[in-house]
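A quick write-up on the structure given underneath.
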Amino acid sequence: MVTPMGMGGPGWMTLRSYIRDSSVTRQRLTPGTVRRILRYARPYTAEVVWLLLLVGLGSAVTVANPVLLGAIIDRGVVPGRSGVVVALSLAVAGLALAEAALQLAQRWFSARLGEGLIYHLRAEVFDHVQRMPVAFFTRTQTGSLVSRLNNDVIGAQRALTTTLSQVVSNIISLVLVLGTMLVLSWRITLVALALLPVFVLPARWFGRRLQRITREQMELDAEMSSTMTERFNVSGAILAKLYGRPDEEAENFADKAQRVRDIGVVAAMYGRVFFTALTLVAALAAALVYGLGGIFVIGGSIKLGTLVALSALLVRLYGPLTALSNVHVDIMTALVSFDRVFEVLDMPRRITNRKGAVPLPRGARTVEFDNVSFRYPSADEVSLASLESVAVLDAAPSHEVLHDVSFRAEPGQLVALVGPSGAGKTTITNLVPRLYDVTSGAVRVGGYDVRDVTLASLHDGVGVVTQDPHLFHESIRANLRYARPSATDEEIIEACRAAQIWELISSLPEGLDTVVGERGYRLSGGEKQRMAIARLLLKAPSIVVLDEATAHLDSESEVAVRQALKTALAGRTSLVIAHRLSTIREADQILVIDKGLIVERGRHEELLQSGGLYAELYRTQFQGSGDSQMVRSTPPSTGITLPVTYDAAGESRNAAARPNSSGSP
């Protein structure tokens, strides 16, 4: 006898429904979620209609087969009419072919509907997220965000494919099967229905326990995966080797793997008991139907073929009834997935083009800060609790990090920002390309408030090189063309030469096609910096921001990077955050930032003579063993200085080789 709970068939679908977390039914959906889902389904109306029609026809075929089997016995086998047996057998074969064709057609329309929906949702979520402000990415957990694009989008897709088709199929099948059984024998049908609680209750009992076991299994799997990820990345592997504890690491991992093994055995046994219990109940129901039906056949109240048809229909009765008894969990799971996707799509983008924004004209530009104050947005302004794995986001406003900052950088000038860590230097540079919006005051580029120009034109005009530039896991050519997709190979090579990196690239076997990034060719810190400078030169911005671009380089790399920077900064308005104060001795203006305020401003010599914070920072950097003599000033010039070697006291070792133009002894 065919049971209704075969592995991989209806039984597995029922099990999956029962082990889903039932707590999802207690969640509250955002008002209008269902209407919004219907709007997403509107472009696929034809696919939905065809899918439902095919599901209905498939359900009808599953009911017709048992009826034909009963007819073969009653109208062909018992009377001895071979022609009827052959004809009805051919009809059964035809229905089998029709059922196979219907299943293929269902899968076709289901795939078109599901994959189309996944495509549109993923594309829309990705486009929306990448346009979110930087503050969103500084708070959001990347794994949670990726989960929205993968797990939740797929869960939402199932709402319009698997869940929808199963609910419709189960309802139609249940109505047809139950109606047919009542027509064939209402007494046997009522007895079969009386056994339904015996069928459903074990499923709920095992389902609740399997929910807990499945959740624990997922947590243990995640813990084991985290251990592997931490130990197998480069930093973790080096740390483990340096401290020489492979035996303890192996023992620790074996303990985690053992717990995964044990919970896996428990889950497997619970699953098997689930299927065995339901199969047993189905077998008892079939025995009852055959026993009671056999008595009715002997008594002449029903025919033998009718009994066979009833037993076959019984298989198709319990499956839909059991699935529908827990369908609210399936539906809510799908709806919640949609709601979680909509939650991300509904997040407002705080930094967008204002109405009437104009393109920023190209050419040399001033950078002006006019009484700028700034605080970082609070968590509830830029993030979601579910993306930070917290119950409630912090709504308290952060403290102000910039206070009435005002300065002006003329076209072609180099303005240096110096000060202690956390003083607000990077925050100032982030306001120029409008990664954040000011709290009060205004940032102007070329006389335009950055909030009044289009973001695309503003970003085209500002180039940034950070102390740790990022390279995508793509070819060198693709990484450089990210700045200007239309750049030719000749232009790329010219930029690489100017950035002092072409000699390295040309020496690689694959040249510009060499893959770099996380798992590509390993570039040193200085080589990455020069790649970033080449990318900036291709972009050709009017304004350049350097965020401690040479802070972590060795002397040799620093020489090459500074040479490349001279080319990059020539003729451009430049804001340079400097950790090594020797690199900005010739800046046109030095702004000393402390606790969000500009506490000093001027040229190198002026600030040294004033004896303020700049002089203190400079003295601290170049203070030797007991010798705190200040470095003598050099005459001003345009651009970044080339490397000069200093002694312990900060005195240039080749100072004696050139005249002191300042006139000081």
Subject >> Minimal non-hydrogen separation, L617 against G419, with atom names >> reply: CD1-CA, 3.9 Å
Subject >> Least distance between heavy atoms, K539 atom then H459 atom >> reply: NZ-O, 2.5 Å
**OP:** Kindly write out the residues that satisfy side-chain hydrogen bond (donor to acceptor under 3.5 Å, both in side chains) with E368, not counting sequence neighbours, or none if the list is empty.
**Re:** R408
**OP:** Please list, chain by chain and in numerical order, all residues satisfying side-chain hydrogen bond (donor to acceptor under 3.5 Å, both in side chains) with D437, sequence neighbours excluded.
**Re:** R434
**OP:** Tell me, yes or no, whether the heavy-atom count around F137 atom CZ, taken from other residues, nucleotides or ligands under 6.0 Å, exceeds 12.
**Re:** yes
Original post:
Are the side chains of L613 and E616 in touch, meaning some heavy atoms are under 4.5 Å apart?
Top reply: yes
Original post:
Do D513 and R477 meet the salt-bridge criterion of a basic N to acidic O distance under 4.0 Å?
Top reply: yes
Subject >> Atom CD of Q130: over 12 foreign heavy atoms under 6.0 Å >> reply: yes
Original post:
Which value, rounded to the nearest 0.5 Å, describes the distance between I598 atom CD1 and L402 atom CG?
Top reply: 9.0 Å
Original post:
Can you list the steps and then say if V432 with V450 is a side chain to side chain contact (heavy atoms under 4.5 Å, CB included)?
Top reply: CA-CA 7 Å; V432 178; V450 293; 5.8 Å; no
**OP:** In sequence, state the C-alpha distance, the side-chain angles, and the governing distance for V515 and F472, and then conclude on side chain to side chain contact (heavy atoms under 4.5 Å, CB included).
**Re:** CA-CA 9 Å; V515 175; F472 294 117; over 6 Å; no
Subject >> For E606, all residues meeting side chain to side chain contact (heavy atoms under 4.5 Å, CB included), sequence neighbours excluded >> reply: R603
Original post:
Which residues satisfy the side-chain hydrogen bond (donor to acceptor under 3.5 Å, both in side chains) test with H120, sequence neighbours excluded?
Top reply: Y44
**OP:** Find out whether F369 and D404 are in side-chain contact, i.e. whether some heavy atom of one side chain is under 4.5 Å from a heavy atom of the other.
**Re:** no
Subject >> Side-chain touch V153/V341, heavy atoms, less than 4.5 angstrom >> reply: yes
**OP:** Identify the two heavy atoms, one from A487 and one from R481, that lie closest to each other, and give their separation to 0.1 Å.
**Re:** O-NE, 2.8 Å
Original post:
Does anything in residues 353-367 pair up under salt bridge (Lys or Arg N to Asp or Glu O under 4.0 Å), and if so which pairs, sequence neighbours excluded?
Top reply: R354-D452
Original post:
Nearest heavy-atom pair of A495 and A534: which atoms, and what distance?
Top reply: CB-O, 3.7 Å
Subject >> Minimum heavy-atom distance between S475 and L512, given as atom pair plus value >> reply: CB-O, 3.7 Å
Subject >> Within-4.5 Å side-chain heavy-atom neighbours: F407 and L575 >> reply: yes
**OP:** State the CG-CG distance between L480 and L536, to the nearest 0.5 angstrom.
**Re:** 11.5 Å
Original post:
When you look at CD of Q413, are more than 12 heavy atoms from neighbouring residues, nucleotides or ligands closer to it than 6.0 Å?
Top reply: yes
Original post:
Between CG of L455 and CG of L360, what distance do you get to the nearest 0.5 Å?
Top reply: 11.5 Å
**OP:** Answer yes if the side chains of Y376 and T427 hold a donor-acceptor pair under 3.5 Å, and no otherwise.
**Re:** yes
**OP:** Under the side chain to side chain contact (heavy atoms under 4.5 Å, CB included) rule, what do Y618 and V418 come out as? Steps first, then yes or no, please.
**Re:** CA-CA 10 Å; Y618 203 77; V418 302; over 6 Å; no
**OP:** Please round to the nearest 0.5 Å and tell me the distance separating atom CZ of R340 and atom OG1 of T33.
**Re:** 13.0 Å
Subject >> Minimum-distance pair of heavy atoms, taken over all atoms of I593 and P420 >> reply: O-CD, 3.3 Å
Original post:
Should we say atom OH of Y436 is surrounded by more than 12 heavy atoms from elsewhere, each under 6.0 Å from it?
Top reply: yes
**OP:** For I505 and M531, run side chain to side chain contact (heavy atoms under 4.5 Å, CB included): C-alpha distance rounded to whole Å, both residues' side-chain angles, the deciding distance at 0.1 Å, then the answer.
**Re:** CA-CA 10 Å; I505 296 174; M531 281 279 290; 4.2 Å; yes
Original post:
Tell me, do L508 and I476 make a side-chain contact under 4.5 Å, heavy atoms counted?
Top reply: yes
Original post:
Do E474 and Y482 come close enough that some side-chain heavy atom pair is under 4.5 Å?
Top reply: no
Subject >> Gap between atom CG of L591 and atom CG of L607 - 0.5 Å precision >> reply: 9.0 Å
**OP:** State, with a plain yes or no, whether a side-chain heavy atom of P541 is found less than 4.5 Å away from one of V462.
**Re:** no
**OP:** Without swapping roles, check the side chain of R530 against the backbone of Q500 for a donor-acceptor pair under 3.5 Å.
**Re:** yes
Original post:
Counting N and O atoms only, with roles assigned by atom type, does the side chain of D588 sit under 3.5 Å from a partner on the main chain of V415, one being a donor and the other an acceptor?
Top reply: no
Original post:
In Å and rounded to the nearest 0.5 Å, what is the NZ to CG distance from K528 to N479?
Top reply: 10.5 Å
Subject >> Within the 6.0 Å centroid threshold, strictly below: F342 and Y40 >> reply: yes
Original post:
Please, which pairs that meet salt bridge (Lys or Arg N to Asp or Glu O under 4.0 Å) have at least one residue in residues 118-135, sequence neighbours excluded?
Top reply: D127-R131
Subject >> Qualifying residue, where the test is side chain to side chain donor-acceptor pair (under 3.5 Å) with Y614 and the options are H604, E600, R619 >> reply: H604
Original post:
Does S574 reach the side chain of I543, with side-chain heavy atoms less than 4.5 Å apart?
Top reply: no
